[in-house]
Amino acid sequence: MRADRKVGIVGWGVYVPQWRIRSEELARGWGRDWKRYAAGIMVEEKSVPGLDEDTFTIAYEASVNALRRARIDPSKLRAVYVGTESKPYAVKTTATMLIEALGAGGEDRLTTGADYEFACKAGTEAIQSIIGLIGSGMIDYGLAVGADTAQGAPGDALEYTASAGGAAYILGPAEESIAIIEASLSHVTDTPDFWRRQHERYPAHTRAFTGEPAYFKHIMTAAKKLMGLIGTTPDDYDYAIFHQPNGKFPLRVGTRLGFTPDKIKPGLITPYIGNTYSGSALVGLAAVLDQAKPGQKILVVSFGSGAGSDAFHIEVNDKIEEVRDLAPKVMDYVNRKRYVDYTTYARYRRMIRMLHDFSAY
Amino acid sequence: MVYIVGVGLTPVGNHWSKSLRHLAVEASVKALEDYGKDVDYVVVSNMLSGVINGQENLGSYVVSHLGKIGTPAIKVEAAGASGAAASVVAQGLISSGMAERVLVVGVEKMTDYTSLEDTTSALSTAIDSEYEGFPGGTLDAMHALVMREYMKKYGVNREDFSYFPLLMHKNAVDTPHAQLRFKLKPESYMRSPMIAEPITLLDLAPVSDGAAAIVLSKEPDGPNGNAEILSVGHATDTIAIYRRESLTEMPAIRAAFSEALERANIERGSIDLYNIHDYSSVLGYITTEELGLAERGKAPELFKNGGADRDGPTPVNPEGGLKARGNPVGATGVYQIAEAFLQVTGRAEGAQVEGAKTALTLSAGGLASNVIIHLIRGV
Amino acid sequence: MWAYWQSVPAHWREIPARYRLEGGECQDCGYRMIPREDICPKCGSRNVKPINLPRKGNVVNYTVIWNAPRGYEYYTPYVIAIIELEDGTRLTAQLTDVEPSDVKEGMEVEMVLRKTRVSGESGLIAYSYKFRPLIK
């Protein structure tokens, strides 16, 4: 897909909570030997949200960082979409809180706002929508956020990867952008590989079925179709970012598509902080923007269970150098860390409760 | 002229089998029996009945249970200074001719919720609920900020703060109605659990139930002793302490004190004892400094060296103060005036300061944001 | 009631201050404050206008709360501090993302938005400013 009016990234920002738990400690909590799982997961530690953090607070800080780089007045934002699968309220839009906190839409709050849900690709889905709004000329600036405090059931394989963090992207007209989204494409099928039923605390998943027919099939289809559409090959890209549910899948899908690992690793952040779900590919893209040079080309392909993928072809321009240092970078947050043990982790994730706990959740 | 002519106290403590009404009635009956005549107005003081006991309309509530249906009655609230404020209102009723004899009864029933979180929430209604309480601040935390500032400014340590509770506990041993009638060991103080650093449990007044009543009259017609209320000094400060210029000074105390002295037309040297509002050790220290009993930063020495002892030059809280007599908050101010009354009429039993004629009481609401001083002299 | 359940309107009407540090500035004497008062506490002027206060400041004084009020018990120990913002305005706030033993007077802090008061599993999540040591 290409918009009539060219759209690009005006500013980006991320946030990752400071708390970490080592995979080894998670395994110890269940009497398991981490060494037997390490190669299959390739995530050494993951971020854990603090007691006072949730998707909104993560989205807020990522958005403040994006605004610092965008150098626009927040009142100019006319679309604010938060992609997440861990909404603070099941019903009550996170975007409204974000709009209020940022002052988006001006005094009269004249802006659209909504929460998007599409498992791990809700954030890139938000970007697709905003490209449409700006590309059609309906608005000039929009904010898309992908953020999660992901749930992994105690003792489940997902407990090693489900983490917390997010990224925010302010999109605007191409002439004001630091990177232009030349084209995008979405591919969606009904593939039940992972879900969380209404009222459940933790998601269910289908183990091996989440791989080939879900993750690999959708990412490869979207990537190939997008490259076919615009006539590029893996050799044309300097960086490739794929959804990163663990440290292994992105390298494998990239290799199968023909990308060398050196193009994938700069945007592969999951091994250090785990899978931030709706933030996953977008935190990866932010890490690449933190270092990309003018003229470089980036392929981003997200994946959301259920299932689908969004693919983007992005070209960086020279404005990026002006704004890169205006906010903390991905690695600043990755390196800002303090470890918790399993007991503290269980407390922070509200897996253990106090008697008469009136400060629940 | 307004006189104190009768008194009645319940012991301060955990009254599991008594409710708000039992306590109020018990103290009122004692005071009315001490006085021997009827009253024509009832002023109730209380801070937390709405919060803890789900009971307001305390004027009607108390007279209903006291067998005085029909008598005009109201409640007065000023946090920790509620009792003193009730006395102020009663004096106004008498001075204006609205009443001749007024029963002032302070009552508080704090132990009906047994978790410290609940009493902490209740007491913290004395600070700014939206901009100090909402972020997670408590009344104890505000005292902690003051204590840290005091320690930093004057270079005093934790041990220096032990002298205050040690004296209060020692005094309470001799006070029949006190809650904590045991001596405190210095090492117990140093091991005390943290509440809000650097404030520990033993820096703070306990959670208490209790009721105290006095009868005020326009004539000194009490059969068991009479005292004149020489004057009242009353001043306020900002409720939120982050808006204050200084945390180690309490200008409301200074203002109330000079006003009280001026109105009574007496010298500070003629005050025989000081009954102050020591919600925390540091508030006790700063109060004695503001009252001129010690130089700034030197209050610890006053308490260490015996200057504040019952038989010392300037006795402070001979009954044990809030720390050891206890702090049934809304009743505390009435306990203070009642104790001063007993002192200046020679009826303070074991807590008696020899030859005391003139007493000062100082009650403080919030973190000394509402300060009321009474000067009382036996007649 | 209030101790167990945060009033929704009472929080809602404070959102400008709690989300965006909106305070007041006296147009006559210049005194800045949070919350905004109708009457300037310094000079008594009624001409007080809303203003967004700076998001950075430093710790003037602090205490570590071990005995929390209702609704905050799960978060202990936490730090309550008096913060002086870059323009001199003071406020009371909770510190976050910091070990209580690492807090120092003069520590540079910046505003973040965090969950402050949560009413059980079904009630309001009240978000508000907290302050955290500067990241960068």
Side-chain angles (χ1 to χ4, degrees), chain A residues 14-19 49-65 68 74 87-92 94 96-104 107 149 199 201 325-329 331-333 335-338 347-348 350 352-361, chain C residues 1-6 8 11-22 50 52 55-56 68-79 93-99 102 110-136:
Chain A
V14 299
Y15 178 74
V16 181
Q18 65 167 342
W19 305 105
L51 281 169
D52 59 1
E53 296 184 291
D54 64 14
T55 292
F56 170 46
T57 67
I58 290 168
Y60 170 78
E61 187 151 345
S63 301
V64 167
N65 285 333
R68 284 179 180 155
K87 283 160 62 78
Y89 293 89
V91 177
K92 186 190 179 314
T94 312
T96 58
M97 303 190 285
L98 191 55
I99 286 164
E100 195 62 47
L102 300 174
E107 289 281 299
T149 54
H199 308 306
R201 288 179 82 89
D325 295 331
L326 297 178
K329 300 188 174 76
M331 291 315 288
D332 292 327
Y333 284 108
N335 295 328
R336 164 188 176 260
K337 59 182 174 183
R338 285 157 66 197
R347 185 160 77 90
Y348 282 13
R350 294 271 179 189
I352 47 175
R353 311 294 289 271
M354 276 177 131
L355 180 67
H356 306 315
D357 184 0
F358 292 95
S359 47
Y361 248 84
Chain C
M1 285 286 278
W2 63 271
Y4 292 82
W5 202 254
Q6 169 68 44
V8 174
H11 173 64
W12 169 80
R13 74 175 76 96
E14 303 302 325
I15 279 178
R18 289 180 181 167
Y19 283 15
R20 300 191 300 273
L21 273 182
E22 187 181 294
N52 282 320
R55 301 158 57 98
K56 287 182 186 170
R70 268 287 168 246
Y72 298 80
E73 55 274 66
Y74 204 86
Y75 306 105
T76 55
Y78 61 85
V79 180
Q94 201 177 125
L95 300 187
T96 190
D97 285 5
V98 66
E99 201 65 51
D102 292 339
E110 63 186 327
M111 183 211 137
V112 293
L113 192 54
R114 295 292 174 94
K115 289 194 283 185
T116 298
R117 179 84 202 267
V118 181
S119 300
E121 286 211 51
S122 56
L124 180 78
I125 305 169
Y127 299 90
S128 170
Y129 54 77
K130 292 187 184 181
F131 284 77
R132 124 183 116 204
L134 282 187
I135 283 192
K136 198 174 167 178

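Each chain gets a letter, A, B and so on, in the order its sequence line appears, and its residues count up from 1.
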* Are C:K115 and C:Y74 in a cation-pi setup, meaning NZ or CZ lies under 6.0 angstrom from the ring centre and within 45 degrees of the ring axis? -> no
* C:L113, part contacting chain A, at a heavy-atom distance under 4.5 Å -> both
* Would you say the side chains of A:Q18 and A:R336 form a donor-acceptor pair under 3.5 Å? -> no
* Asked: Side chain, backbone, both or neither: which part of A:E61 has a non-hydrogen atom closer than 4.5 Å to chain C?
  -> side chain
* chain C contact via A:E100 - which portion, at a heavy-atom distance below 4.5 Å -> both
* **Atom pair CZ/CZ of C:F131 and C:R55 - distance to nearest 0.5 Å** => 8.5 Å
* Asked: Checking heavy atoms, do the side chain of C:L124, its backbone, both or neither come under 4.5 Å from chain A?
  -> both
* To do: For A:Y348, check ring pair (Phe, Tyr, Trp, His ring centres under 6.0 Å) against everything at least two apart and list the hits.
  => A:W19
* Using the test ring pair (Phe, Tyr, Trp, His ring centres under 6.0 Å), find all partners of C:Y129 that sit at least two apart in sequence or belong to another chain. => none
* Residue A:R347 versus chain C: region with a heavy atom under 4.5 Å -> both
